[in-house]
Engineer: 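Below you'll find the structure I mean.
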Number of protein chains: 2
Amino acid sequence: MNSSQSRPGGGTQLPSRRVASELRTAIASGDLPPGAKLPSERALAARYGVARNTAREAIRLLAEEGLVTAHHGKGVFVREKRRLLRFGSERYSHRLRKETGLSPYRAEVAKQGRTARVDCTSIERVRPPEDVAERLGVDPAEPSAVRRENWYYADDEPVQIGVTYIPWEIAEGSVLATSANMGKGSLYARFEELGHPITRIREEVSARMPTHEEAIGLSIPDGVPVVEVLHTGIDHLDRPFEVTRFVMRADLNGLDYTMPVED
Amino acid sequence: MNSSQSRPGGGTQLPSRRVASELRTAIASGDLPPGAKLPSERALAARYGVARNTAREAIRLLAEEGLVTAHHGKGVFVREKRRLLRFGSERYSHRLRKETGLSPYRAEVAKQGRTARVDCTSIERVRPPEDVAERLGVDPAEPSAVRRENWYYADDEPVQIGVTYIPWEIAEGSVLATSANMGKGSLYARFEELGHPITRIREEVSARMPTHEEAIGLSIPDGVPVVEVLHTGIDHLDRPFEVTRFVMRADLNGLDYTMPVED
DNA sequence: TAGTGGTCTAGACCACCAT
DNA sequence: TGGTGGTCTAGACCACTAT
């Protein structure tokens with residue numbers, strides 16, 4: 001039943017690898033330009049004389065490499081090369097904020113000529129996660145923080161999620177604890193008014209595959225990892241006053257830091 | 001033939017998701033501790049009354065999340081939690097270098113009580129890649145740089161690759177262009193002697209799935225992305241004198257930056 | 001309604017690993 | 001040698017999308 005399988009694992013390629021290779025070549029050569037639709041799984045199976053599952057496996061390999069994306073009911077498409085949003089250390093600069101009145105995110109997206117949208121989807125008082133509590137110096141067993149969840153879009157495409165934790169002690173009684181709209185100058189202007197000008201940031205960066213929920217929420221194609229940034233805002237008295245966990249699509253976002261080397 | 005498939009996509013889970021969920025729970029609860037062997041695909045299929053392919057799909061989901069790793073001929077095992085190497089902005093500090101005489105990498109690994117090894121696998125004069133040439137301000141069409149490839153190990157496990165480019169103009173005639181061994185104080189001590197003390201760094205961070213070669217070379221399990229850092233060393237006169245492209249396993253490495261917020 | 005991807009079944013052969 | 005994962009075949013039903 002499997003007589004067409006030639007020398008598995010040997011000198012010649014497995015059928016699935018072979019199909020993947022041919023498609024990869026077609027993509028690289030431009031025969032299948034970005035945005036183009038691949039032949040259907042059934043068509044590929046027929047063309048290459050393999051079972052549909054094998055053609056499917058070939059497509060899975062390409063998806064894992066980030067070359068193609070499947071759309072249920074529509075087809076499989078060559079992925080477009082996307083512009084990268086680059087978040088740099090200067091995005092928190094006071095000058096930038098005062099000149100534009102924009103949040104760091106909006107400033108970055110605007111700089112690239114794209115349309116930014118930020119949805120604050122929830123604000124609640126919570127017990128912060130361990131790692132956050134540790135960085136804020138608050139008690140993880142108490143409802144010691146305000147949690148603000150934000151979804152970030154560029155041209156109506158979801159690109160990242162940011163969950164900010166603010167010590168209740170700081171947020172209590174201010175718009176930080178109540179209002180989705182931060183007004184002119186955004187979050188960091190409010191912190192400054194409350195006696196916490198941002199003077200130093202710490203960013204802990206890692207990468208991983210998205211959870212199922214993240215993959216759905218950010219419509220992340222197969223084979224695209226996320227970058228996770230645990231960001232801590234620190235004021236002029238070395239007090240951490242805010243921690244945000246950013247999760248962003250690695251294929252649409254990047255980080256760009258410039259910093260002095262200490263003595 | 002498919003009568004056991006209940007309400008696909010609906011309120012109850014698909015068989016593959018259900019099997020994955022149960023295994024995930026067993027892993028989280030400690031019933032399947034790190035290093036434990038999962039039941040074989042055939043055993044899972046029998047236990048849950050599904051086809052072997054379905055059990056296999058469940059395992060693929062877990063592997064994609066980084067929870068388990070398959071070993072051909074041996075079985076599928078719960079992945080061990082690994083300590084993360086955290087590379088911070090202070091790793092280039094002059095003080096650290098002068099006190100320990102260690103390279104940034106060795107210092108970080110030693111700090112965590114692990115054994116570092118760095119192999120310089122090649123040194124050659126080359127035409128630098130576009131992005132590197134741009135940052136160094138050299139001609140990508142000319143052999144204008146020295147390329148040094150380094151492999152980094154912790155406890156004999158490969159954790160990252162670093163490819164450093166140095167303008168030929170700077171490296172010519174020095175050990176930078178010839179010797180694998182950089183001597184006391186490593187690379188940055190040599191740059192300092194040549195009139196390029198490192199005073200500022202730029203690090204551009206992104207993440208992606210590894211290429212096939214990287215997956216082999218770094219023995220990266222399925223479902224683990226890499227972090228790619230394009231690092232630029234800049235001297236006191238704002239001259240870039242070195243660019244290094246780091247590629248590191250995301251499950252074994254992290255970055256930890258602290259930096260001042262500019263005005 | 002027709003075509004697409006998503007998932008599943010049932011069974012087969014192969015390559016790798018330990019014994 | 002027997003058990004394991006890796007791959008393949010052939011066929012089925014489902015859900016999503018466009019017409």
Side-chain angles (χ1 to χ4, degrees), chain A residues 1-21 23 36-64 68-79 212 215-216 219 221-223, chain B residues 1-21 23 36-64 68-79 212 215-216 219 221-223:
Chain A
M1 204 76 80
N2 194 8
S3 56
S4 69
Q5 187 179 337
S6 56
R7 280 158 282 172
T12 26
Q13 289 185 322
L14 294 173
S16 58
R17 308 268 179 189
R18 194 185 113 241
V19 174
S21 285
L23 290 172
K37 184 176 172 303
L38 268 62
S40 75
E41 295 175 350
R42 288 162 179 88
L44 286 172
R47 178 192 301 179
Y48 292 103
V50 299
R52 186 183 154 207
N53 272 359
T54 303
R56 189 174 168 72
E57 170 68 8
I59 288 172
R60 199 190 63 76
L61 291 169
L62 298 179
E64 204 168 61
V68 303
T69 313
H71 293 284
H72 196 169
K74 292 173 68 178
V76 178
F77 300 84
V78 179
R79 192 178 290 170
H212 189 63
I216 302 294
S219 27
D222 282 350
Chain B
M1 203 76 79
N2 195 9
S3 57
S4 68
Q5 187 178 338
S6 58
R7 281 158 279 175
T12 28
Q13 289 185 321
L14 294 174
S16 58
R17 308 267 178 191
R18 195 186 112 241
V19 174
S21 285
L23 290 171
K37 183 175 172 303
L38 268 61
S40 76
E41 293 175 351
R42 288 161 179 88
L44 286 172
R47 179 192 302 179
Y48 292 102
V50 299
R52 187 186 153 204
N53 272 359
T54 303
R56 187 175 169 72
E57 170 68 8
I59 288 173
R60 198 191 62 77
L61 291 169
L62 297 179
E64 204 168 62
V68 302
T69 313
H71 294 283
H72 195 169
K74 292 173 68 178
V76 178
F77 299 84
V78 179
R79 192 177 291 170
H212 190 63
I216 302 293
S219 22
D222 282 350

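Please read these numbers as outputs of a predicted model, since none were measured by experiment. The analysis underlying the following values was restricted to heavy atoms, covering all of them including side chains, and did not include hydrogens, waters or symmetry mates.
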Engineer: Quick one: NZ on A:Lys74 to NZ on A:Lys37, what's the gap to the nearest 0.5 Å?
Structural biologist: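 It is 10.5 Å, given to the nearest 0.5 Å.
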Engineer: How close or far is atom C1' of D:dG5 from atom CG of B:Leu44, stated in whole angstroms?
Structural biologist: 12 Å
Engineer: How do B:Gly75 and A:Ala51 order along DNA chain D: which one's closest nucleotide is nearer the 5' end?
Structural biologist: B:Gly75
Engineer: Specify the residue among A:Val50 and B:Lys74 whose closest nucleotide of DNA chain D lies further upstream toward the 5′ end.
Structural biologist: B:Lys74
Engineer: Among D:dG6, C:dG5, C:dT9, find the nucleotide with the atom closest to the side chain of B:Ala70.
Structural biologist: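 Nearest to the side chain of B:Ala70 among the choices is D:dG6.
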Engineer: Once hydrogens and angles are ignored, does a donor-acceptor distance under 3.5 Å link the base of C:dG5 to the side chain of A:Arg56?
Structural biologist: no
Engineer: Rounded to whole angstrom units, what separation is found between the CG atom of B:Leu62 and the P atom of D:dG5?
Structural biologist: 13 Å
Engineer: To the side chain of B:Leu14, which of C:dG5, D:dT4, C:dT7 is closest?
Structural biologist: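 Within the option list, the nearest is C:dT7.
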Engineer: For the side chain of A:Asn53, counting heavy atoms from C-beta on, which of C:dG5, C:dC8, D:dG5 is nearest?
Structural biologist: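 Nearest nucleotide to the side chain: C:dC8.
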Engineer: Measure the spacing between CG of A:Leu38 and OG1 of A:Thr69 and express it to the nearest 0.5 Å.
Structural biologist: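 A:Leu38 CG to A:Thr69 OG1: 10.5 Å, rounded to 0.5 Å.
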Engineer: Taking the minimum atom-to-atom distance to the side chain of A:Arg42, which one of C:dA18, C:dT4, C:dC8 wins?
Structural biologist: C:dT4
Engineer: With a 3.5 Å cut-off and just heavy-atom distances, do the side chain of A:Arg52 and the base of C:dG6 make a donor-acceptor pair?
Structural biologist: yes
Engineer: Atom CZ in A:Arg60, atom OG in A:Ser16: separation rounded to 0.5 Å?
Structural biologist: 9.0 Å
Engineer: Rounded to the Å, how far apart are A:Ile59 CD1 and D:dT7 P?
Structural biologist: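 Atom CD1 in A:Ile59 sits about 16 Å away from atom P in D:dT7.
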Engineer: Does the C:dG5 base have a donor-acceptor partner in the side chain of A:Arg60 within less than 3.5 Å?
Structural biologist: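 Donor-acceptor pair under 3.5 Å: no.
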Engineer: Whole-Å distance between D:dG3 P and B:Lys37 NZ?
Structural biologist: 12 Å
Engineer: What is the distance from CZ of A:Arg18 to P of D:dC8, rounded to the nearest Å?
Structural biologist: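 Distance, rounded to whole Å: 11 Å.
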Engineer: C:dG6 P sits how many Å from A:His72 NE2, rounded?
Structural biologist: 6 Å
Engineer: Round to a whole Å and report the spacing from CZ of A:Phe77 to P of D:dT17.
Structural biologist: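 Answer to the nearest Å: 11 Å.
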Engineer: OP1 or OP2 of C:dT9 less than 4.0 angstrom from a side-chain nitrogen or oxygen of B:Thr54, does that happen here?
Structural biologist: yes
Engineer: Taking A:Thr54 for its side chain and A:Val50 for its backbone only, find out whether a donor-acceptor pair lies under 3.5 Å.
Structural biologist: no
Engineer: Surrounding CZ of A:Arg18 (heavy atoms of other residues, nucleotides or ligands, distance under 6.0 Å), is the total greater than 12?
Structural biologist: yes
Engineer: Atom CD of A:Glu41 and atom P of D:dG11: how far apart are they, to the nearest Å?
Structural biologist: 17 Å
Engineer: Kindly point out which of C:dG5, D:dT9, C:dT7 is positioned nearest to the side chain of A:Ser40?
Structural biologist: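 So the nucleotide nearest the side chain must be C:dG5.
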